[in-house]
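Just follow the structure's listing: the first ligand is 1, and inside any ligand the first atom is 1.
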Amino acid sequence: MKNTFDKNMLDFDREHIWHPYTSMKDPLPVFPVASASGVRIRLADGQELIDGMSSWWAAIHGYNVPELNSAAREQIKAMPHVMFGGLTHKPAVALAEVLIAITPEPLTKVFFCDSGSVAVEVAIKMAIQYWAGLGRGNKQKLLTVRSGYHGDTLGAMAVCDPVTGMHGIFNDILVKHYFAEMPMCGYHDEWDEIYIKNLKEILKVNHESIAAIILEPVVQGAGGMRFYSPTYLKRVRGLCDEFNVLLILDEIATGFGRTGTMFACEHAGISPDIMCVGKALTGGYMSLAATLTTDKVSDGISSGAVGSFMHGPTFMANPLACSVALASIRLLLSSPWKERVSAIEAQMKDELSPCAGLAGVQDVRVLGAIGVVELKQPVDMKVIQETFVKKGIWLRPFGRLVYTMPPYVIEKGDLSKITKAMVEVVGEGRRV
Ligand SMILES: Cc1ncc(COP(=O)(O)O)c(C=O)c1O
């Protein structure tokens, strides 16, 4: 079938379909995609774009990956889905086994769910049910830091940055949690106790009502693409133990190698009580997430009056998604992903460095396969997006951030095209 995307379809899209964070009245333009393969996204008009976004951290192997296609095909033949209540299947069991093997040691129990936001909801409920099981039903609050992002459902939103998460609009419905200052120590900064002072004080005063601290480890993603010191994370782990509070790490963006280690908590050599994974879990093929926890937490939940963990989505452990996730993790483990990510890191450090001297640039930072140019002024989304597309590059800047997190399989020449476009666009000096 010929891949066409005629004007009527675009008009229909504009009239009737919401895209992420857009207005229905005055939406930004969208670019119709016909197909995607490797690191290339082919638009309906035939133009090819080099993908610098991995579809928001997810498509780590690129698109149309033979191993993942084959896993999906085989699973469809057997069964795309069966309910998980009262039934189980090999894709879920094998995937859980692999997840337990690659995540930090104390994580032994797996809850499969639909998306990253739901994984965060599940994590919050686990923490609260754990304390309830221990007769501490008063521990229902969370502590987090400013500039965080954990998803768009109401429970997850309540721990997102209050300003960028628009808490004002949802004032009466969002639970009021505790927010400490964002971690101010950069990834390589020398440690000073002052960095953790505010969080420690909040914990000291309120720990009796706090179930868990929730953080994105080392990288704060959608809340600002900020990298912070692993020592901060190590100190938070220590404080959680000292004050009897659980630690939830949201590895939804950082998981599966993106920061140079399989999970970002490995930079700090610590492990959480509860961990959320999603996004790259299926190599970007479909939505699947998981919340993992320890024997200690699951025992606590089981010893409560209810006993059961109170969550169970319709598409829990969808076999199709589990099969593709299993194939994606196997492909990752069998690839030289560490070398690839560190080569991407070195190349981006080198090729993005000219941005640092530009007038409109606040900061340039690279960690693993994440390259960020932070500007002094917000970008004009429409103009900058079109400029990159004209250059044959797919990037999706937001706020003051022009950033890339390419698929790990990107070749040197393609990555150079992305970084060159970033340097040119940022360096053009006019407001983009
Ligand atoms: C750290 C983090 N947590 C949670 C989420 C939410 O995931 P999802 O969009 O799959 O609901 C995201 C998505 O960007 C994220 O970056």
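Against a heavy-atom cut-off of under 4.0 Å, Lys279 is close to the following atoms of ligand 1: 12 (C), 13 (C), 14 (O), 15 (C), 16 (O). Close approach of ligand 1 to Ala253 (heavy-atom distance below 4.0 Å) involves ligand atoms 16 (O). Distances below 4.0 Å separate heavy atoms of Glu216 from the following atoms of ligand 1: 1 (C). Heavy-atom contacts of Ser117 reach the following atoms of ligand 1: 6 (C), 7 (O), 8 (P), 11 (O) (cutoff under 4.0 Å).
Other residues, nucleotides and ligands contribute at most 12 non-hydrogen atoms within 6.0 Å of the CD1 atom of Ile173. In the displayed structure, Met310 atom CE is contacted under 6.0 Å by at most 12 heavy atoms of other residues, nucleotides or ligands. Within a 6.0 Å radius of CE in Met79, more than 12 heavy atoms belonging to other residues, nucleotides or ligands are found.
For atom 2 (C) of ligand 1, the nearest non-hydrogen atom of the protein is Asp250 OD2, 3.4 Å. Of all protein heavy atoms, the one closest to atom 10 (O) of ligand 1 is Gly116 N, 2.9 Å.
Ligand 1 is approached by Tyr149 to a heavy-atom distance shorter than 4.0 Å.
Under the side chain to side chain donor-acceptor pair (under 3.5 Å) test applied with Glu374, the options Arg226, Gln362, Arg365 reduce to a single match, Arg365.
With 3.5 Å as the limit, one finds no donor-acceptor pair spanning the side chains of Gln129 and Trp131.
For Phe256 and Phe263, the ring centers are positioned less than 6.0 Å apart.
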